[in-house]
Amino acid sequence: MPELIEVERYRRLAEGVLGRPIGAVTVDPLAAVPHAVDDVADRLVGRSAVAARRIGKLLLCDLDDGGTLGLRFGMTGRLLLDGVAGLDDLQYGSNREEPRWDRFRLDLLDGGSLVVRDPRRLGRVELDPDEGRLGPDAATVGVDALTRVLAGSTTALKARLLDQGRLAGLGNLLADEVCWRSRLDPARPAGTLDRREVAALARTIRTTVAELDRRGGSHLGDLQAARDGRTACPRCGGAVLRRRIGGRTTISCATEQR
DNA sequence: CCGGATGTTCACCT
DNA sequence: GAGGTGAACATCCG
């Protein structure tokens with residue numbers, strides 16, 4: 001799933017649900033919803049969404065009673081409005097049409113529907129999620145905010161960039177891509193970046209998110225070929241490193257990234 | 001059968 | 001408190 005880019009697509013899709021009252025709610029009994037299923041239905045039936053927002057990978061649908069429905073998509077969650085997917089090709093997810101993977105469904109009074117289809121069930125549905133737990137959104141992060149994310153930390157740069165409480169929206173693929181484009185070693189202690197490096201990284205995060213959004217997804221970065229098995233850096237032809245950093249498989253150029 | 005996968009969270013160490 | 005690791009979640013895919 002969905003990193004920031006994919007969830008932004010879902011957000012745009014979700015705008016199509018605004019003003020359309022909810023008639024019924026169906027929740028997969030195994031789906032991770034930290035509420036009683038009946039409570040979710042009680043809160044949503046009869047309501048309609050008035051705005052669709054996004055912070056990082058969290059999609060927020062503001063309701064006409066002042067509440068908010070929060071949707072997370074895990075690694076394989078897709079969003080469908082009126083049966084149409086917001087995203088066709090989700091890597092690592094299956095794109096087969098399997099209604100049995102529908103974990104959360106809003107049936108609208110006008111006959112339409114909003115559905116979270118998630119084979120692995122790693123997505124989450126939450127009422128009134130705590131938005132304060134998320135850091136600033138990566139799509140618009142500036143040098144000052146990024147400085148606050150990195151300064152004084154001995155943690156690996158990549159692990160810090162993936163920490164949603166400090167910077168919201170980057171996932172494993174985007175984090176590797178921005179480190180590679182910035183020629184920064186993802187294992188380097190975050191606090192060792194100087195002002196110039198932090199400023200360049202902030203710019204690279206914004207431009208990379210925008211560019212991969214135009215290309216169509218987080219998996220369309222220049223580094224993806226190396227992730228898929230090539231052993232040469234697509235820029236210099238040197239050796240590619242495959243390590244685990246921050247608990248995630250990490251691809252980087254052994255010579256360029258310092 | 002095995003390992004790994006765009007994620008989050010929690011228990012358990014150091 | 002700060003971080004690291006590993007497991008768990010559940011399922012598909014190569």
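Residue numbers start from 1 in every chain, and the chains themselves are labelled A, B, ... in the order their sequence lines are given, proteins ahead of strands.
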When you check the gap from the basic side-chain N to the acidic O, do [X] and [Y] get nearer than 4.0 Å?
X: A:Lys158; Y: A:Asp185; result: no
X: A:Asp176; Y: A:Arg248; result: no
X: A:Asp222; Y: A:Arg235; result: no
X: A:Arg53; Y: A:Glu131; result: yes
X: A:Arg105; Y: A:Asp107; result: yes

Apply side chain to side chain donor-acceptor pair (under 3.5 Å) to A:Ser252 and A:Arg243, showing your working. CA-CA 8 Å; A:Ser252 64; A:Arg243 297 174 280 179; 3.1 Å; yes
Nearest-nucleotide pick for [X], side chain only, options being [options]:
X: A:Arg160; options: B:dT6, C:dC9, C:dG3; result: C:dG3
X: A:Glu3; options: B:dG7, B:dA5, C:dG3; result: B:dG7
X: A:Thr155; options: B:dA5, C:dG4, B:dT9; result: C:dG4
X: A:Arg120; options: B:dG7, B:dT6, C:dG3; result: B:dG7

If you compare every side-chain N and O of [X] against the phosphate oxygens of [N] (OP1, OP2), does one of them come in below 4.0 Å?
X: A:Arg121; N: C:dC12; answer: no
X: A:Lys57; N: B:dT6; answer: no
X: A:Thr76; N: C:dC12; answer: no
X: A:Trp101; N: C:dC12; answer: yes
X: A:Arg227; N: B:dA5; answer: no
X: A:Arg117; N: C:dT11; answer: no

Measure the distance from [atom1] on [X] to [atom2] on [N] and round it to the nearest whole Å.
X: A:Arg242; N: B:dG3; atom1: CZ; atom2: P; value: 16 Å
X: A:Leu122; N: B:dA5; atom1: CG; atom2: C1'; value: 10 Å
X: A:Leu167; N: B:dT8; atom1: CG; atom2: P; value: 12 Å
X: A:Gln164; N: B:dG7; atom1: CD; atom2: C1'; value: 8 Å
X: A:Leu170; N: B:dT6; atom1: CG; atom2: P; value: 14 Å
X: A:Arg248; N: B:dG4; atom1: CZ; atom2: C1'; value: 11 Å
X: A:Arg124; N: C:dC9; atom1: CZ; atom2: P; value: 11 Å
X: A:Leu157; N: C:dG3; atom1: CG; atom2: C1'; value: 15 Å

Could you measure between the two C1' atoms, the one in C:dG4 and the one in B:dT6, and give it in whole Å? 22 Å
Could you measure between the two P atoms, the one in C:dG1 and the one in B:dT8, and give it in whole Å?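 It works out to 22 Å between them.
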Show the numbers, then the answer: is there a side chain to side chain donor-acceptor pair (under 3.5 Å) between A:Asp62 and A:Thr68? CA-CA 4 Å; A:Asp62 292 323; A:Thr68 298; 2.9 Å; yes
Distance-only donor-acceptor check, side chains A:Arg117 and A:Thr76, under 3.5 Å: no
Dot-bracket line, read 5' to 3' along DNA chain C, where crossing pairs take [ ] and | marks a partner on another strand, Watson-Crick or G-U under 3.5 Å: .||||||||.||||
